[in-house]
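What follows is one structure encoded as structure tokens, with my remarks underneath.
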Number of protein chains: 2
Amino acid sequence: MATRTRRSDALSRERIVDAAVEVLDASGESGLTFRVLTERLATGAGAIYWHVANRDELLGAATDGVVAAALADRPSAGSPEEELRAVGLRLFDAIDDHPWLGTQLGVQMSRSPTGPTTPRLVEAFGRPIRDLGVPEPAWFTATTTVLSYVLGAAGQNAVNGRAGGGGLGRAEFLDATAAAWEALDEDGYPFVRRVARQMRGHDDQEQFLAGLDLVVGGIRAAHPPER
Amino acid sequence: MATRTRRSDALSRERIVDAAVEVLDASGESGLTFRVLTERLATGAGAIYWHVANRDELLGAATDGVVAAALADRPSAGSPEEELRAVGLRLFDAIDDHPWLGTQLGVQMSRSPTGPTTPRLVEAFGRPIRDLGVPEPAWFTATTTVLSYVLGAAGQNAVNGRAGGGGLGRAEFLDATAAAWEALDEDGYPFVRRVARQMRGHDDQEQFLAGLDLVVGGIRAAHPPER
DNA sequence: ACCTGAACACCGTTCAAGT
DNA sequence: ACCTGAACACCGTTCAAGT
């Protein structure tokens with residue numbers, strides 16, 4: 001059949017997903033509406049539905065796209081431990097750039113574990129776990145444990161991320177939270193009161209990596225290299 | 001002032017939250033609408049808004065209520081390790097009973113870390129971590145790591161939970177996922193293809209506890225008891 | 001103080017009609 | 001094949017009015 005000349009601004013699934021990511025970055029999940037999208041793409045709602053089944057699929061495609069980009073072209077780091085940190089950092093940075101990803105990652109993975117994102121993440125974290133010398137029967141448990149940690153941390157950092165815009169809003173937010181924790185009653189919350197100090201001014205990325213190291217350390221401790 | 005006789009069916013924040021939990025259990029997060037709620041409570045929308053600020057606050061109150069109930073009246077288990085497992089199990093079972101909790105927990109914790117749920121969970125997991133002998137400067141990192149793992153696992157098990165209703169739907173679901181993983185190309189996904197077998201027929205609760213043990217083991221390994 | 005319920009502005013999705 | 005855009009059924013929230 002005759003190849004047709006396409007206008008450069010022709011609508012396509014790719015253009016729609018790209019626009020969705022931009023809207024999500026700017027306004028968060030609740031900001032992604034078909035009204036905003038049709039306006040931005042200068043089209044009608046029906047046109048979008050021609051390329052995309054519904055809003056959920058669009059959200060999923062946006063998530064898949066961002067995760068794929070975050071994990072692409074990654075030079076393999078040195079040791080398996082370094083590799084795990086490198087993959088974790090890629091993901092952490094992606095969530096920093098796209099805060100809505102923190103929540104959507106978990107949603108997407110449990111909604112469609114056969115979609116591109118779940119296998120991609122399982123492969124990215126699983127391979128270095130294998131290279132750590134973990135025996136094969138323990139691969140699944142070890143990998144899902146690391147993934148659960150990463151997804152949980154992602155969800156926490158999602159909103160936390162960059163609340164204000166100035167770096168100041170965050171310090172004040174942590175301060176207010178710490179103050180609220182310290183105001184709890186000593187009988188019911190002795191631990192929370194003591195730990196509140198450590199929350200003030202902590203660095204999210206540092207915290208994320210320290211936690212990842214603990215989890216990986218646990219896997220190594222459970223499967224010491226034979227000799 | 002004169003105490004007023006109250007009709008037993010008078011509207012109250014508590015009755016509204018209870019009704020919300022029932023609706024959430026039956027229809028999930030998207031099923032909780034003011035239409036359904038007003039019908040169930042035989043009242044008007046405005047009446048609900050008199051007791052509750054908006055839908056988000058209602059969702060938060062439902063989450064707080066269920067978490068409080070799940071952690072209440074818990075006899076302290078034996079060792080710190082057993083205590084961590086016991087708290088984890090309580091939460092796991094609560095998510096099993098209220099699948100919407102898996103997602104909402106993370107949302108609630110990052111949206112209002114000063115609300116009742118965050119301190120409750122930090123205290124419940126933090127105390128046994130302290131009793132493990134973890135030095136105080138490491139409390140925050142260790143506790144948030146365990147919490148991130150638990151929240152991540154919770155989010156994964158949320159939808160997974162009891163998809164069909166019959167126990168069969170789940171086995172078929174795992175089977176279909178495993179089959180899709182095994183169909184990926186060997187070059188890009190060697191690990192995923194090998195690990196697919198282990199996903200078939202795994203037990204979620206067993207998996208959750210095994211992961212928790214790995215994380216706790218990592219914390220112990222990082223902070224060996226002095227002597 | 002507490003409740004009613006109509007009204008408002010918005011949402012995702014559909015679909016007959018166009019090209 | 002691809003797009004338009006009005007129409008539909010729904011949503012959370014508000015608010016004048018009642019008791």
Side-chain angles (χ1 to χ4, degrees), chain A residues 1-63 100 103-104 107-108 111-112, chain B residues 1-63 100 103-104 107-108 111-112:
Chain A
M1 44 213 71
T3 57
R4 191 138 62 91
T5 313
R6 294 190 175 279
R7 296 187 312 165
S8 66
D9 63 342
L11 206 54
S12 67
R13 188 180 159 96
E14 195 192 354
R15 272 195 69 221
I16 294 170
V17 173
D18 286 349
V21 170
E22 285 170 27
V23 173
L24 286 164
D25 290 349
S27 330
E29 203 236 277
S30 67
L32 180 68
T33 70
F34 279 80
R35 303 287 196 272
V36 168
L37 219 45
T38 52
E39 196 178 337
R40 195 180 197 98
L41 292 167
T43 184
I48 295 177
Y49 278 93
W50 180 260
H51 296 278
V52 161
N54 53 41
R55 188 177 183 273
D56 275 355
E57 194 192 289
L58 181 53
L59 225 40
T63 302
W100 49 276
T103 317
Q104 282 312 113
V107 173
Q108 180 66 2
R111 185 157 46 201
S112 79
Chain B
M1 45 213 74
T3 58
R4 194 139 60 92
T5 314
R6 293 190 176 278
R7 295 188 313 166
S8 65
D9 63 341
L11 207 55
S12 68
R13 188 180 160 96
E14 195 192 354
R15 273 195 69 220
I16 294 170
V17 173
D18 286 350
V21 170
E22 286 170 27
V23 173
L24 286 164
D25 290 349
S27 328
E29 204 235 278
S30 67
L32 180 69
T33 71
F34 280 80
R35 303 288 197 270
V36 168
L37 219 45
T38 52
E39 196 178 336
R40 194 181 195 99
L41 292 166
T43 183
I48 295 177
Y49 277 92
W50 180 260
H51 296 278
V52 162
N54 53 41
R55 187 177 183 273
D56 275 355
E57 194 193 290
L58 181 53
L59 225 39
T63 302
W100 50 274
T103 317
Q104 283 311 113
V107 172
Q108 179 65 4
R111 184 156 48 201
S112 80

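Within every chain, numbering begins at 1; the chains are lettered A, B, ... in the order of the sequence lines, protein sequences first and strands thereafter. Bear in mind that the values here come from a model prediction, so they are computed numbers and not experimental data.
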Each nucleotide N or O in nucleotides 10-14 of chain D that has a protein N or O under 3.5 Å away: list the pair and distance.
from: dC11(D); atom 1: N4; to: Arg35(B); atom 2: NH2; distance (Å): 3.1
from: dG12(D); atom 1: OP1; to: Leu32(B); atom 2: O; distance (Å): 3.4
from: dG12(D); atom 1: OP1; to: Arg55(B); atom 2: NE; distance (Å): 3.2
from: dG12(D); atom 1: OP2; to: Phe34(B); atom 2: N; distance (Å): 3.0
from: dG12(D); atom 1: N7; to: Arg35(B); atom 2: NH1; distance (Å): 3.4
from: dT13(D); atom 1: OP2; to: Tyr49(B); atom 2: OH; distance (Å): 2.7
from: dT13(D); atom 1: OP2; to: Arg55(B); atom 2: N; distance (Å): 2.9
from: dT13(D); atom 1: O5'; to: Tyr49(B); atom 2: OH; distance (Å): 3.0

Atom of [X], atom of [Y] and distance for their closest heavy-atom approach:
X        : Y         : value
Leu41(A) : Ala19(A)  : CD2-CB, 3.9 Å
Leu32(B) : Leu59(B)  : CD2-CD1, 3.5 Å
Gly31(A) : Val36(A)  : O-CG2, 4.1 Å
Thr63(B) : Gln104(B) : OG1-CB, 3.5 Å

Open item on the list: Please convert DNA chain D into dot-bracket. A pair counts if it is Watson-Crick or G-U wobble with both distances under 3.5 Å; crossing pairs go in [ ] and bases paired with another strand get |.
Closed with: ||.|||||...|||||.||
Task: For atom CD1 of Ile48(A) and atom C1' of dG5(D), their distance in whole Å - done: 12 Å
Task: Value in whole Å for how far the C1' atom of dC2(C) lies from CZ of Arg15(B) - done: 14 Å
Task: N or O in side chain of His51(A) less than 4.0 angstrom from dA1(D) OP1/OP2 - done: no
TODO: Taking only the side-chain nitrogens and oxygens of Trp50(A), find out if one of them lies under 4.0 Å from OP1 or OP2 of dC3(D).
DONE: no
TODO: Not counting sequence neighbours, list each pair that qualifies as a ring-ring contact (aromatic ring centres under 6.0 Å, His included) and has a residue in residues 28-56 of chain B.
DONE: Phe34(B)-Tyr49(B)
TODO: Please list all pairs passing the side chain to side chain donor-acceptor pair (under 3.5 Å) test where one or both residues lie in residues 36-45 of chain B, with sequence neighbours left out.
DONE: Glu22(B)-Arg40(B)
Open item on the list: For residues 42-55 of chain A, which residue pairs pass the salt bridge (charged side-chain N to carboxylate O under 4.0 Å, His left out) check, not counting sequence neighbours?
Closed with: Glu29(A)-Arg55(A)
TODO: Report the residues that fulfil side-chain hydrogen bond (donor to acceptor under 3.5 Å, both in side chains) with Asp18(B), sequence neighbours left out, ordered by chain and then residue number.
DONE: none
